[in-house]
Amino acid sequence: MAEPIELKLLSESQLDPKPCDGFITHNPSLGLFAGAAGSKTLQIWRSNGQVVTKSSQRSERDDVEALRWKADGQFLAVGWSDGVVRLMGLETNKAVHQMPVCEAGTSRITCIGWARNNIGKRLNSASAHSTSPWEDVISHDLLLGGSKAAADLPRELTFLDVETALPKLSPLLTLGGSGDDSFVFTTRASLEFLFQPFAPHDSHKVDVMIVGTNDGQIHVSIYDSFVIGKFKYSLPESSGKNPSLQLCHHASHPDLSTHMLVFKPSGDEKTSAIYLIPMDLTFIYSSPENLSLLASKTTALQKLLRYVKQVQMHMMHEWQLTRELPTKFLSSINETLKESGNYGDMGIGQALYHSVVTGHTFPEVAEWLVDQLSERGHKRWDRAVSSGLQALRTLVHENFLPALERIGIILSRLLGIARFHESKAEIGFTNAQITRVMDIVSCLMLVGNKILLVVMEELELFQSFSIWLRNEIDRLASSSLTDELTDKEAMMEHGKILAYIQQYMAASPLRHHLSTTPADHSEGGRQQAESGTSLLDLLSKQLKKQDAGKPDEGIFAQIDFLCGYLESKAGAVFEGIAEAEKRSVRFGQPTAIELESAISKFDVMMSATFQEDKSQGLTYAALTTEQNESSVYVFRTTMSVLNGISGSVNTEVSCMVLGDGKVLDLKFLYDDSLLVLRAPKDQPLRIIRIPHKNEDLAYQPYSLGGKLTPLVLSNDQVTSLFLNMTVPCEPSFVPAQMEVKGASSERGKIPPRVCLLSTDSQTYKVFALPEDPFVEALGSQETIQ
C-alpha cells in the first residue's frame with residue numbers, strides 16, 4: 001500500500017469580508033484570486049491576502065452573480081445583477097468591456113463559461129503552421145549557410161501587424177468623458193492592455209465565452225467582446241419533458257468545435273436532474289484561418305470606436321469650456337449696450353472693433369472693461385480660452401487623428417477579406433459596406449485636420465486679442481497714458497486683433513464642427529448620405545461654403561453626426577458578421593441524467609479522439625448526491641462529430657462507493673484525472689485521483705430509471721487503488737468547496753493547485769499538487785493546447 005502524499009501549502013488567506021455565495025476563483029496563471037466581497041463588491045487579492053483592487057457598480061445596488069477567468073488569466077468576466085457581463089483587466093479596476101446579456105429584473109445571469117478552441121480541422125504536429133516572425137525567416141533563409149526555415153510567406157503577410165509601427169495612442173483625462181467608458185482610456189497601462197498587438201502564434205486559436213441566464217438564454221461571444229448572438233434553448237418535444245432550463249455549467253475541448261452545455265431546471269436551488277446539451281459552433285471548424293484575423297480586427301475596431309467616441313466627447317467638452325465664460329461676459333455688455341438705447345443695434349463686437357481702429361472707447365464699454373471685466377476677469381477669460389484651445393489641439397493631434405489612422409488600417413484589412421470572399425453569406429459583410437465606412441473615416445480625417453487648422457489660427461489670433469484687451473483695461477484704468485502702455489500699443493498686431501473680433505469672438509468657426517446635432521437633423525443627413533452621393537463630396541461642398549462665408553446649415557462637417565454615422569455603419573458590419581456565424585450554431589441530441597436524490601456537487605469535462613476526418617467527443621460528468629455522501633457517479637457520454645456537427649449520443653455510468661468517508665467536492669484536472677476531496681472517518685482530509693478513463697471503473701449502459709450496480713470499495717481499497725494525497729490542515733478547517741487549476745508557465749512556473757474555501761467562507765487555502773503523478777496528463781494537455 002503506497003503512502004499518501006502530503007500536499008504543500010502555497011498560501012493561506014483570511015478573507016474579510018467573506019465571499020458572498022462562495023463566489024471565489026483563482027487565476028489560472030498568476031498568484032491572484034477574485035471573489036464577491038459581500039454581495040455588491042468585486043475584490044481581487046494576491047496570494048498573500050493583500051487586496052489588489054475593489055470594484056462595484058456606480059449604483060451600488062448590483063450584485064455579483066457569476067465569475068470566470070479567461071484561460072490565460074488576462075481578463076476576469078464578472079456577471080452582475082443588472083444583466084451585464086463586465087470584463088476586468090489586470091491593469092485597471094475599471095471594466096474594459098461590457099456586454100449586456102439580459103434585462104435587469106426579468107432574468108439573471110447563472111453561469112459564465114470561457115474556453116479556447118483551435119480553428120479549423122485538427123492538424124498533425126508535422127503540419128502545424130509556421131509561427132516564425134518574418135524577420136527570423138529573412139535572417140535564416142537569405143544568409144549563406146543558414147538553415148532553411150519552413151515558412152508560409154502569404155500567411156506571414158496576412159498576420160503582419162502594421163499597427164505596431166504607428167505611434168501609441170495617448171490616454172485621456174478623467175474629466176470630459178461620459179458613460180461606462182469614461183475611465184477606461186485614462187491610463188497608459190489600460191491602453192496598452194486593451195490594444196495589445198495581435199500575436200501570430202495565436203492565429204489558430206479562438207476564445208469562446210458562453211453566458212447563460214435563468215430563462216434558458218445562451219449568449220455567445222468570441223475574442224473577449226465580439227458578440228455572436230443569443231440563443232434560446234428548450235428540450236425537444238420528443239423528450240416528453242419541457243421544463244424551463246438554465247445553464248449551470250460548460251465544458252469544451254480545444255480541438256472540438258462542439259461544446260457541452262449543462263442545464264438544470266430553472267429556479268431550483270436543488271435538483272436531481274441535469275441535461276447535457278451539445279452545442280456545435282461549426283464556424284470554428286469550417287471557417288478559414290482568417291477567422292482569427294477577422295475576429296481580432298473587428299474586436300480592435302470596436303475598441304477604437306469606443307475610444308473615438310470618448311475623444312469626441314472630450315473635444316466637444318473642451319470647446320464648450322472655451323465658449324462658456326466669454327459668452328457670459330459678452331452677453332452682459334450686449335445687454336448694457338442695448339438698454340442704453342444710444343447705439344442702435346451695435347453689439348460689443350462692433351464696439352471693440354471701433355476701439356481698435358480709432359482708439360476711442362464708448363463709455364459703457366469702458367465701464368464694463370474696468371469695473372466688470374477688470375484684471376481678474378481678463379485672466380479667467382484668457383485661461384479658459386487658451387487652455388481649452390490647447391487641450392482641443394492636443395486631443396485632435398494626439399488622440400483623434402491617430403485613432404482614425406488605426407481604424408483606416410483595420411478597414412483596409414477588412415476590405416481585403418471582403419474582396420477575397422465574394423459571398424456575403426460566408427463572412428457577413430460586403431465590399432460596399434466597408435467602402436462606405438472608409439468614406440466616413442475619410443470625412444472624419446478631413447474634419448479633424450480642418451479643426452486642427454482652425455484651432456491653431458484661433459489660438460494665435462486670440463493671443464493677440466488678449467494682449468490688446470489687457471492693455472485696453474490698463475489704459476482705461478490708468479489716470480494718465482504711460483510710455484509703457486504706448487510702447488505695447490505700438491507693438492500690437494492690429495490685423496490679428498480685428499480678425500479675431502470679426503471671425504472668432506462672437507461665433508467661432510469651430511461651431512460648424514463641434515456642436516451637438518439634433519436628432520431630426522441627423523436623420524435627415526443620413527438619408528441624404530444614403531441617396532447615392534459620396535459623403536466625402538457632400539462634405540467638401542459644405543466646407544467650401546463655410547470657407548466662403550456663405551450661410552450653411554449642413555451637418556456633414558459635424559463630428560457628432562459623423563461619429564454617430566460611423567458607429568451605425570460599423571455596427572451593421574458587426575451585426576452581419578455575427579449573423580453569419582450565428583447561422584452555423586446548432587444544438588445536438590440532449591442527454592438527461594437523473595439520480596434518486598438531489599445533486600450536491602458536480603463537474604463536467606470533455607475529451608476527444610480523432611480518426612482521419614471523423615472525431616469522437618467524450619463528455620465525463622462526475623456527481624455526488626446529498627443522500628449518498630460516499631458515492632461518486634461518473635457518466636460518460638460518447639458522440640460522433642463529423643465536419644463539426646455532433647451526431648448520436650451513447651451514455652454509460654460508473655457508480656463508486658468510496659469507503660465510509662464523506663465526499664466534499666470533486667473536480668476534473670487535465671484529461672484523465674478526477675480529483676475527489678473526501679473526509680474519511682477519523683482521518684485527515686484526503687484528495688484521491690481517479691483515472692476516470694480507465695475501463696476498470698466498470699462503466700455500464702445508462703438509461704433513465706435503470707438500476708445501477710455500484711462498485712463498492714473499502715477504505716483500504718480506495719487507498720491502494722488510487723493516488724491518495726493528504727491535506728495538511730487543522731481539524732477545525734472544513735472545506736465547503738474546491739477548485740483545481742493546472743500547472744502554468746505563462747508568467748513563471750506555477751504547479752497544479754487545489755484551492756479550498758472553508759465552510760465559514762473566511763479561510764482560503766491553496767495547495768500545490770505533486771507534479772510527478774500528473775506529468776503524463778500534463779503532457780497530453782499541452783499537446784492538445
Side-chain angles (χ1 to χ4, degrees), residues 9-58 60 62-80 84-98 112 114 171 174 180-196 207 209 224-225 737 739-758 760-768:
L9 180 66
L10 290 179
S11 65
E12 178 177 348
S13 305
Q14 297 298 317
L15 307 179
D16 184 25
K18 303 176 182 180
C20 180
D21 296 331
F23 285 134
I24 190 166
T25 179
H26 205 280
N27 188 292
S29 60
L30 292 171
L32 301 173
F33 58 94
S39 62
K40 305 182 187 304
T41 303
L42 172 75
Q43 197 159 295
I44 298 178
W45 296 265
R46 289 192 175 91
S47 56
N48 60 5
Q50 180 185 359
V51 177
V52 176
T53 184
K54 292 182 180 180
S55 177
S56 60
Q57 297 312 300
R58 282 178 290 183
E60 296 187 352
D62 299 326
D63 297 339
V64 177
E65 294 187 333
L67 292 174
R68 183 78 173 191
W69 287 102
K70 190 178 177 181
D72 59 6
Q74 292 292 307
F75 286 105
L76 174 67
V78 187
W80 294 86
V84 178
V85 172
R86 294 175 173 86
L87 305 190
M88 314 295 297
L90 296 179
E91 306 298 333
T92 176
N93 64 345
K94 304 299 180 183
V96 295
H97 297 296
Q98 305 199 47
I112 299 176
W114 212 346
T174 53
D180 295 323
D181 288 335
S182 56
F183 296 101
V184 173
F185 307 108
T186 55
T187 65
R188 173 69 66 187
S190 61
L191 280 176
E192 292 183 354
F193 185 76
L194 270 173
F195 296 104
Q196 296 182 47
D207 292 300
M209 178 184 289
D224 302 337
S225 62
Q737 65 187 51
E739 183 182 32
V740 297
K741 295 292 180 181
S744 173
S745 57
E746 295 246 353
R747 297 190 179 184
K749 188 176 181 181
I750 301 178
R753 292 142 290 163
V754 168
C755 313
L756 302 177
L757 179 67
S758 63
D760 62 3
S761 297
Q762 270 195 317
T763 305
Y764 187 67
K765 297 191 177 189
V766 180
F767 296 90

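Starting from 1, each residue takes its place in the sequence as its number.
- The heavy-atom pair separating Pro19 from Leu757 by the smallest distance is CG-CD1, 4.4 Å.
- At a cut-off of 3.5 Å, with distance as the only test, no side-chain donor of Gln43 or Thr53 sits close to an acceptor on the other residue.
- Taking all atoms of both residues into account, the shortest heavy-atom contact from Ile750 to Ser29 is CD1-O, 3.2 Å.
- Between Arg753 and Val740, the closest side-chain pair of non-hydrogen atoms is not below 4.5 Å.
- Atom-to-atom distance recorded for Ile44:CD1 and Ser55:OG is 8.5 Å, nearest 0.5 angstrom.
- Scanning all heavy atoms of the two residues, the minimum distance from Met209 to Ala77 falls at CE-CB, 3.7 Å.
- Proximity of Leu42 to Arg86: side-chain heavy atoms (C-beta onward) are nowhere separated by under 4.5 Å.
- Gln737 has its side chain within reach of Ile24: a pair of non-hydrogen atoms, C-beta onward, lies under 4.5 Å apart.
- For the atom pair Ser11 OG and Lys765 NZ, the distance stands at 10.5 Å (nearest 0.5 Å).
- Trp80 contributes atom CH2, which lies 8.5 Å from atom CG of Asp63 (distance to the nearest 0.5 angstrom).
- Contact record, His26 with Gly31: CE1-CA, 4.2 Å, taken as the closest heavy-atom pair.
- Taking the side chain as every heavy atom from C-beta outward, Phe193 and Gln74 approach each other to under 4.5 Å.
- Rounding to the nearest 0.5 Å places CD of Glu65 at 9.5 Å from CG of Asp21.
- Residues Leu756 and Val754 share a closest heavy-atom pair of CD2-CG1, 3.7 Å.
- Within the 4.5 Å cutoff, no side-chain heavy atoms of Gln762 are placed close to those of Leu15.
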> Given Thr763 and Gln14, is the side chain to side chain contact (heavy atoms under 4.5 Å, CB included) satisfied, shown in steps?
Replying inline: CA-CA 5 Å; Thr763 305; Gln14 297 298 317; 3.3 Å; yes

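- Heavy atoms only, all atoms of each residue included: Phe33 and Ser47 are closest at CE2-CA, 4.2 Å.
- Side-chain contact check for Pro751 versus Leu10: some heavy-atom pair is nearer than 4.5 Å.
- Separating the CD atom in Glu12 from the CG atom in Asn48 is a distance of 12.5 Å, to the nearest 0.5 Å.
- Put simply, the side chain of Thr25 does not reach to within 4.5 Å of the side chain of Arg68, judged on heavy atoms.
- Side-chain contact between Trp114 and Phe75: present, with at least one pair of heavy atoms (C-beta onward) separated by less than 4.5 Å.
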